[in-house]
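Excluded from the calculations below are hydrogen atoms, water molecules and symmetry mates; all remaining heavy atoms, backbone and side chain alike, are included. FYI, the numbering just counts along the sequence from 1. When a ligand or atom number is given, it counts from 1 through the structure's own listing order.
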Amino acid sequence: MAKCSVCGGPAVAFIRYQKRYLCRDHYIQFVEDKVRRAIKRYKMAGKGDRILVALSGGKDSTTLLGALSAVRDDIGFELVAVHIDLGIFDYSVKSREAARRLAQSLDVPLIEVPLKEVIGATIPELAKKSRRPACSVCGMIKRYVTNAAAVELEADAVALGHNADDLAVYNLKSFLTQDLEAISKLGPRTDSVEEAAVGRIRPLYLVYEKESFLYSFLRGLPFLHEECPFVDNRQMEVRLKEVVNQLEEERPGTKLQMVTKLALRIKDYPKPRGEIRRCRVCGLISSSEVCSFCRTTERALGKAMGPAVREYIRRKGVELGLIPRVKNTATG
Ligand code: FES
Ligand code: ZN
Ligand code: ZN
């Protein structure tokens with residue numbers, strides 16, 4: 001049996017691009033070190049910051065919250081999580097259970113936003129009413145609710161669960177389609193826009209998808225293995241993922257090189273054009289007079305629901321003692 005290159009114990013994984021075997025404990029440490037390094041190298045968070053994680057119950061956000069909770073005391077930041085109950089049948093019920101169990105076991109305060117209760121419709125209902133594919137409505141809703149939660153809870157950043165594989169693929173896709181503005185958003189962090197949008201960070205920037213999965217598995221973190229029933233496997237991303245995996249197979253470390261080089265050049269890519277303003281209805285970031293969340297809900301449900309979402313989160317934040325925010329600078 002292969003032995004851990006650090007302690008000689010039984011190995012559970014081989015890191016090809018480092019030619020090292022690692023045991024369970026050193027593997028967990030290896031992933032957490034990557035997260036700690038990414039946070040420091042790319043100045044994602046510091047002492048006293050409040051970081052918000054959108055916890056879906058799937059493997060990426062589970063690894064993200066697990067690894068962030070492991071390094072939070074070293075760096076001295078605070079964690080809060082938000083889970084959106086999308087109302088996608090059984091899938092959402094199981095996702096909610098996984099998110100609840102995880103947040104509780106890691107001692108992270110969790111705000112749940114049940115869409116049906118807060119805006120009066122689930123994702124399948126909204127998709128039907130707005131005649132749009134479920135995934136596109138869903139993506140927009142998740143971005144809106146997560147940003148609304150971050151603004152209401154005065155978070156310093158929203159942590160996203162994108163790993164190195166995701167970023168390598170998005171980068172490639174954006175390059176092939178010459179959507180260079182999209183590349184400018186794929187770096188380790190993006191800045192906040194006054195009080196309308198909270199900046200985003202990607203603590204799993206240096207972590208491979210496989211590593212993310214194995215980390216959650218080895219730590220026994222609860223996550224949902226099922227995929228959303230609306231997942232579309234014909235997307236270009238799926239093909240590009242195969243290409244990137246093939247390159248990694250032939251030249252171990254390719255994905256890491258892709259993301260670290262991207263981080264170095266990110267400022268050279270053009271920023272999205274167009275004015276950034278605040279939605280006339282809800283006050284959050286928007287590219288037009290009314291944001292797409294308020295517009296979509298107005299059209300599909302007869303009422304723009306942005307203010308209701310903000311109000312709901314504010315109420316929950318107060319109940320959980322997260323609002324008003326008390327800056328914690330005692331740790332770290
Ligand atoms: Fe949103 Fe699948 S998780 S449509
Ligand atoms: Zn070891
Ligand atoms: Zn709005």
Side-chain angles (χ1 to χ4, degrees), residues 1-15 18 20-33 54-61 83-96 98-99 113 115 118-119 121-128 130 132-148 151-152 161 193 195-197 218 223-224 226-233 235 237 276-301 303-311 313:
M1 188 195 235
K3 289 189 175 145
C4 173
S5 312
V6 184
C7 69
V12 296
F14 178 59
I15 314 298
Q18 291 187 349
R20 292 204 296 165
Y21 285 97
L22 293 175
C23 67
R24 177 189 176 277
D25 289 357
H26 284 115
Y27 189 85
I28 289 172
Q29 199 181 320
F30 160 74
V31 173
E32 290 170 357
D33 281 348
L55 185 60
S56 70
K59 80 171 160 39
D60 297 328
S61 58
H83 172 78
I84 311 166
D85 182 343
L86 304 165
I88 304 177
F89 323 115
D90 204 28
Y91 168 77
S92 285
V93 177
K94 292 183 194 160
S95 303
R96 191 186 59 213
V113 182
L115 276 191
V118 181
I119 69 166
T122 61
I123 289 294
E125 289 165 356
L126 255 189
K128 202 167 165 193
S130 55
R132 279 172 58 185
C135 285
S136 91
V137 179
C138 182
M140 182 272 289
I141 301 266
K142 283 177 180 167
R143 280 192 296 279
Y144 182 83
V145 175
T146 305
N147 182 49
V151 169
E152 293 303 337
V193 180
E195 277 150 32
L218 291 175
F223 65 91
L224 186 65
E226 273 169 48
E227 279 200 287
C228 165
F230 293 116
V231 74
D232 178 5
N233 280 324
Q235 292 163 359
E237 280 92 337
I276 293 175
R277 27 185 168 166
R278 283 164 174 260
C279 168
R280 178 168 53 76
V281 183
C282 71
L284 296 184
I285 194 162
S286 177
S287 55
S288 50
E289 202 187 335
V290 176
C291 74
S292 54
F293 181 84
C294 287
R295 238 183 305 132
T296 306
T297 46
E298 163 92 70
R299 255 188 243 139
L301 310 168
K303 188 174 175 202
M305 299 306 287
V309 169
R310 294 192 66 175
E311 170 55 32
I313 294 168

(message) Please evaluate residues F89 and T122 with respect to the criterion side chain to side chain contact (heavy atoms under 4.5 Å, CB included), reporting the C-alpha separation (whole Å), side-chain torsions for both, the decisive distance (0.1 Å), and the verdict.
(response) CA-CA 9 Å; F89 323 115; T122 61; over 6 Å; no

(request) Nearest 10° is fine: what angle sits at the Zn ion (ligand 2) between SG from C7 and ND1 from H26? (result) 110°

(request) Kindly give the heavy-atom pair with the smallest separation between A11 and K3, and that separation in Å. (result) CB-C, 3.9 Å

(message) With a 4.5 Å cut-off on side-chain heavy atoms, are F230 and P124 touching?
(response) yes

(message) Need the ligand 1 atom indices (1-based, order shown) with element for anything under 4.0 Å from a heavy-atom of K142.
(response) 1 (Fe), 3 (S)

(message) Among all protein heavy atoms in this structure, tell me which lies nearest to atom 1 (Fe) of ligand 1, with the distance rounded to 0.1 Å.
(response) C138 SG, 2.1 Å

(message) Using a 4.0 Å cutoff against the non-hydrogen atoms of C228, which atoms of ligand 1 qualify?
(response) 2 (Fe), 3 (S), 4 (S)

(message) Are L115 and E125 packed together at the side-chain level, in the sense that at least one heavy-atom pair is separated by less than 4.5 angstrom?
(response) no

